[in-house]
Novice: 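The structure follows.
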Amino acid sequence: MTAKISYADVEVGTELPAQTFPVTRATLVQYAGASGDFNPIHWNERFAKEVGLPDVIAHGMFTMAEAIRVVTDWVGDPGAVVEYGVRFTRPVVVPDDDKGAVIEVSGKVAAKLDDHTVRVDLAATSAGQKVLGVSRAVVRLA
Amino acid sequence: MALDQSFVGRTYPPTEPYEVGREKIREFAEAVGDANPAYTDAEAAQALGHPDVIAPPTFVFAITFKAAGQVVADPQLGLDYSRVVHGDQKFAYNRPVRAGDRLTVTSTIEKIRSMAGNEVLDIRGEVHDQDGEHVVTAWTKLVARAAEEA
């Protein structure tokens, strides 16, 4: 496990490079196939609206997969992630156009822990709304 | 109807092993648009100290959630899955999942409670490899929303 960021070089408040992740209907179909989650709320607009959603929504686990990239791209080694948890607060609504939606993710070091680990708090929004709450990762640095 | 509290602490039998394939990891990494070479290039993964390509952190959910299906579909528990949404998700890793792993999942109901008519169910999935080594623990909180008044 070989993180490229050194524990000694970060402090509480250190910001990780923020990223934006586009998501279209095609993204959701591809993610459904790769993850095995074929719930129609993620690809069928008629069904999504029947169950009271504004439109097709992204898989929560898709958003969770994107958000951790801010951490794994920062440390280089995805195997350095020790813990990762999120709360799904609002859905990412994905309209049927060629732009889709965008998930914006930022992160900062919230605590320095034992054994060269740090806690990173992540913030994820889409269309100005927070889509993940209590989103935290513990990662082992070099 | 409230879920039966006597199910708290119930552990379900381990699942049949799921064999993690390199191409399945690649497919997942492509689906989330993640080009980290540790997911697709064994040499790059080895340079980081892993014996083979590793899976993205959330990959294992497909395996643990399928295992949680035993709980969700248990007719004695009586969860109305059509009303279920995913509330929280957490993972604690002993090591990353990697190609060649044969993973079994043991699911336990950790908590059941009612909040404002919603039923909240916490399921813990313990993931072990073919040697019995613990790989990752997944906690999944499912919320069955209260049925609307007819």
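What's counted below: heavy atoms across the whole structure, side chains too, no hydrogens, waters or symmetry copies. Throughout, a chain's letter reflects where its sequence line sits, starting with A, and its residues are numbered from 1.
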Novice: If I measure from the heavy atoms of chain A, does B:Lys66 come under 4.5 Å with its side chain, its backbone, both, or neither?
Specialist: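 Answer is neither: B:Lys66 stays 4.5 Å or more from chain A.
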Novice: Which atoms of B:Tyr39 are under 4.5 Å from chain A, going by heavy atoms: the side chain, the backbone, both sets, or neither?
Specialist: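 Contact with chain A is through the side chain of B:Tyr39 alone.
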Novice: Please classify the contact of B:Pro57 with chain A as side chain, backbone, both or neither, using a heavy-atom distance under 4.5 Å.
Specialist: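 For B:Pro57, the contact with chain A is made by the side chain alone.
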Novice: Might you point out which heavy atoms bring B:Thr106 and B:Pro14 nearest each other, and give the distance in Å?
Specialist: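 Closest approach of B:Thr106 to B:Pro14: OG1-CB, 3.7 Å.
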Novice: Between A:Asp77 and B:His50, is the side chain to side chain donor-acceptor pair (under 3.5 Å) condition met? List the steps.
Specialist: CA-CA 10 Å; A:Asp77 180 5; B:His50 307 294; 2.9 Å; yes
Novice: Side chain, backbone, both or neither: which part of B:Ala47 has a non-hydrogen atom closer than 4.5 Å to chain A?
Specialist: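 Contact with chain A: backbone only.
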Novice: What do you reckon, are the aromatic ring centroids of B:Phe61 and B:His86 less than 6.0 Å apart?
Specialist: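 Here the rings of B:His86 and B:Phe61 have centres that are less than 6.0 Å from each other.
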Novice: Heavy atoms under 4.5 Å from chain B: which residues of residues 84-96 of chain A carry them?
Specialist: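 Only A:Tyr84, A:Gly85, A:Val86, A:Arg87, A:Phe88 of residues 84-96 of chain A have a heavy atom under 4.5 Å from chain B.
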Novice: Between B:Ala38, B:Ala29, B:Gly33, which shows the greatest number of heavy-atom pairs under 4.5 Å with chain A?
Specialist: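 Heavy-atom pair counts peak at B:Gly33.
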Novice: Considering only heavy atoms, which portion of B:Asn36 lies under 4.5 Å from any heavy atom of chain A: side chain, backbone, both, or neither?
Specialist: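 The side chain, not the backbone.
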Novice: Please name the pair of heavy atoms, one in B:Glu110 and one in B:Val8, separated by the smallest distance, quoted to 0.1 Å.
Specialist: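 Closest approach of B:Glu110 to B:Val8: O-CG1, 3.4 Å.
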Novice: Could you tell me the separation between the CG atom of A:Leu122 and the CZ atom of A:Arg136, rounded to the nearest 0.5 Å?
Specialist: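 With rounding to 0.5 Å, CG (A:Leu122) is 10.5 Å from CZ (A:Arg136).
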Novice: Could you tell me whether the side chains of A:Thr20 and A:Glu104 share a donor-acceptor contact shorter than 3.5 Å?
Specialist: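 No, no side-chain donor-acceptor contact under 3.5 Å.
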Novice: Are A:Asp115 and A:Thr117 linked by a side-chain donor-acceptor pair shorter than 3.5 Å?
Specialist: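 Short answer, no.
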Novice: Between B:Asp122 and B:Arg124, does at least one N-O distance fall below 4.0 Å, as a salt bridge requires?
Specialist: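 Looking at B:Asp122 and B:Arg124, the cut-off is not met.
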Novice: Name the option with the most non-hydrogen atom pairs under 4.5 Å to chain B; the candidates are A:Glu66, A:Lys4, A:Met61.
Specialist: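 With the most close heavy-atom pairs to chain B, the winner is A:Met61.
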Novice: Sequence neighbours left out, what pairs pass ring pair (Phe, Tyr, Trp, His ring centres under 6.0 Å) with at least one residue falling in residues 97-140 of chain A?
Specialist: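 Non-adjacent pairs meeting ring pair (Phe, Tyr, Trp, His ring centres under 6.0 Å): A:Tyr7-A:His116.
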